[in-house]
J.: 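Take this structure first; my questions come after.
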2 protein chains.
Amino acid sequence: MPRLSEEEVVERSSGDEGKRIGRREARKRATYAALVTVAHRRFHEDGFDATTLDDICAEVGISRRTFFRYFKSKEDLVFPNRAERLERFVQVLTDAPADENPFDTLRRATRQFGPEYMAHRAQLVAQQALIARTPSLRAREAEIDRDWEAVMARAIMARTGTERAAAVRARVIAGACIGVIRATMRHWFTTGGVEDLTQMGEDALDCLERGFALE
Amino acid sequence: MPRLSEEEVVERSSGDEGKRIGRREARKRATYAALVTVAHRRFHEDGFDATTLDDICAEVGISRRTFFRYFKSKEDLVFPNRAERLERFVQVLTDAPADENPFDTLRRATRQFGPEYMAHRAQLVAQQALIARTPSLRAREAEIDRDWEAVMARAIMARTGTERAAAVRARVIAGACIGVIRATMRHWFTTGGVEDLTQMGEDALDCLERGFALE
DNA sequence: CTCGAAGTGCCACCGAGTGACATTTCCTGT
DNA sequence: ACAGGAAATGTCACTCGGTGGCACTTCGAG
């Protein structure tokens, strides 16, 4: 018996460029989406810690054992597209011209991601409120920041080389960038996402590049 | 029966300015110290996750329930003096003259903490290796960084005011500072702690203040 | 239509962490 | 010195996230 409304299965072996989605794959995606949807609702209603995996699994209609074949941990429910977002960021970095300085590259990233965030501001603000009040989610977010910092440092080194001085400089720049970006986003979130995130991001990068010393 | 070699109890009501340590307090401190010592040894021998709280408690001679009256979590065993270190940092911040700029304040902090770190370099490098390979410890470390960033932002705001622009700037500067400090320390750790940490810290702060743009 | 594999459920288990309550241990006031 | 009481500890039972093993169902390919 189907646990959820089964969606139409794309006719198999029909279109040449069709996705060739069978029942199995469709069911998996439906389960994945249901997990994310149900979890987000209950997290926001009852809180992250107060919501049990058994609760979520019962509502979705799967066993807890099966849940862990979709997500490696409870926290991962809150950051579903983590890998994709990182991948897009890496793309921005690798697509950058070889002579572009790191701050300009990040400005381009800001102009790409900023508007997207502002478009989903309500959802993101709520999401961030949940993260901010849940220690284990803050920890997960920090881990994500570390990933971004690492790929950024690697990207800089790809241009400046990996000798001692250059490596230190690359890591320090990456740390500073992630630091100001995270601080900017936290401020944007806590003020309800009403300000211009793109502008704030570019301002922060300006400060980094030109120094905070200007009077 | 004593669980561990009981140390000499300071004669009660002896010296006027004696610490007035009774058996109870002495025993508590001995237990606390034993927990830290035993835990660190086993963490480094067997790894953090492979070491069970039951293992540690058995060796120290207490129940697991009692352990949680000394530490709020297993991770806290690795950061025993977290509160004290933060407190000292706050002191550096609050002791700063009202007209000192944030970077000079941090330079003073660097000159205070840097040499201490270099004095214990072997221990700290081993410690950091453990943290680096243990996700839950990395998470805890990130949380500590957040604390430092928060007190720094607050300290800056105490001087610049809390109006929108000043608040953003304070948070961004704090984020950048923690970012470069963390990056610097990670580099110092991964290179075995042989370089001059104080110098590297001051260099990083110079970059922040004057900007990374200099050719 | 059949065979194999992917997906799932069930069960037992582990380890971290908590609440309740009894028991021991030490400090303090007389 | 001794009694009363508070602090510290132990015991037990429990919750919840997470994992390993194995049987079973379901789907897809030939």
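In what follows, every chain begins at residue 1, and chains take the letters A, B, ... in the order their sequences are listed.
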J.: Strictly below 4.0 Å: does A/T66 bring a side-chain N or O up to OP1 or OP2 of C/dG7?
T.: no

J.: Roughly how far, to the nearest 0.5 Å, is the OG1 atom of B/T198 from the CD atom of B/E202?
T.: 7.0 Å

J.: To the nearest Å, give me how far apart CZ (A/F67) and P (D/dG20) are.
T.: 16 Å

J.: For atom CZ of A/R164, is the number of surrounding heavy atoms from other residues, nucleotides or ligands below 6.0 Å larger than 12?
T.: no

J.: So, under a plain 3.5 Å distance rule, would you say the side chain of A/R65 forms a donor-acceptor pair with the base of C/dG7?
T.: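 Looking at the base of C/dG7, it does not pair with any donor or acceptor on the side chain of A/R65 (distance under 3.5 Å).
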
J.: Which nucleotide in the set D/dA8, D/dT9, C/dT8 lies at the smallest distance from any side-chain heavy atom of B/K28?
T.: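 Of the options given, the side chain of B/K28 lies nearest D/dA8.
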
J.: Would you classify B/S136 as touching base, sugar-phosphate or nothing, given that sugar-phosphate means primed atoms plus P, OP1 and OP2, and contacts are heavy atoms under 4.0 Å?
T.: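 No contact.
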
J.: Check the distance between D/dT9's P and B/R29's CZ and give it to me in whole angstrom.
T.: 14 Å

J.: Drop me the distance from A/F212's CZ to B/C207's SG, to the nearest 0.5 angstrom.
T.: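 That separation rounds to 12.5 Å.
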
J.: Please tell me if B/R64 has a side-chain N or O lying less than 4.0 Å from either OP1 or OP2 of C/dA16.
T.: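 No, because none of the side-chain N or O atoms of B/R64 sits under 4.0 Å from OP1 or OP2 of C/dA16.
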
J.: Can you tell me which nucleotide in D/dG18, C/dA16, C/dC10 comes closest to the side chain of A/F68?
T.: D/dG18

J.: Quick test of your reading: applying side-chain hydrogen bond (donor to acceptor under 3.5 Å, both in side chains), list the pairs with at least one residue in residues 46-56 of chain B, sequence neighbours left out, ordered by first then second residue.
T.: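 Non-adjacent pairs meeting side-chain hydrogen bond (donor to acceptor under 3.5 Å, both in side chains): B/D54-B/R64.
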
J.: Find the distance A/K72:NZ to D/dG18:C1' and express it as a whole number of Å.
T.: 13 Å

J.: Students often mix this up, so state it plainly: with edges at 30° and 60°, are the rings of B/W148 and B/F89 parallel, tilted or perpendicular?
T.: parallel

J.: Tell me which donor-acceptor pairs under 3.5 Å the side chains of residues 171-186 of chain A have, and how far apart each pair is, sequence neighbours excluded?
T.:
from	atom 1	to	atom 2	distance (Å)
A/R182	NE	A/D145	OD2	2.8
A/R182	NH1	A/E141	OE2	3.3
A/R182	NH2	A/D145	OD1	2.8
A/R182	NH2	A/D145	OD2	3.4
A/T184	OG1	A/V180	O	2.7
A/R186	NH2	B/E149	OE2	3.1

J.: Whole angstroms only, please: what is the CD1-P distance between B/I62 and D/dA8?
T.: 14 Å

J.: Measure across B/V151 and B/L93 and return the closest heavy-atom pair with its distance rounded to 0.1 Å.
T.: O-CD1, 3.8 Å

J.: Please give, in whole Å, the distance from D/dC16 P to A/F71 CZ?
T.: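 Value for this atom pair: 21 Å.
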
J.: To the nearest angstrom, how far is B/D54 atom CG from C/dC13 atom P?
T.: 17 Å

J.: Tell me which residues in residues 74-83 of chain A put a heavy atom below 4.0 Å from DNA chain D, sorted by number, or none.
T.: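 Under 4.0 Å from DNA chain D: A/K74, A/E75.
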
J.: Would you say the base of C/dG7 and the side-chain of A/R23 have a donor-acceptor pair closer than 3.5 Å?
T.: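 No, the side chain and the base share no sub-3.5 Å donor-acceptor pair.
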
J.: Could one point to a donor on the side chain of B/R24 or the base of C/dT25 with an acceptor on the other under 3.5 Å away?
T.: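 Counting by modelled atom types and ignoring angles, a donor-acceptor contact under 3.5 Å is found here.
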
J.: Answer yes or no: does a side-chain N or O of B/Y70 lie under 4.0 Å from OP1 or OP2 of D/dT9?
T.: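 Indeed, a polar side-chain atom of B/Y70 lies that close.
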
J.: Ignoring backbone atoms, test whether B/T52 places a side-chain nitrogen or oxygen under 4.0 Å from the OP1 or OP2 oxygen of C/dA16.
T.: yes

J.: Any side-chain N or O of B/S63 under 4.0 Å from OP1/OP2 of D/dG10?
T.: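 Checking D/dG10 against B/S63, a side-chain N or O does come within under 4.0 Å of OP1 or OP2.
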
J.: Could you give the CG-to-P distance, from B/D46 to C/dG15, as a whole number of Å?
T.: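 B/D46 atom CG is separated from C/dG15 atom P by 13 Å.
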
J.: Once you measure the plane-to-plane angle for B/F71 and B/Y32, does it fall in the parallel (<30°), tilted (30-60°) or perpendicular (>60°) bin?
T.: parallel

J.: Provide, to the nearest angstrom, the distance between the CG atom belonging to B/L53 and the P atom belonging to C/dC14.
T.: 16 Å

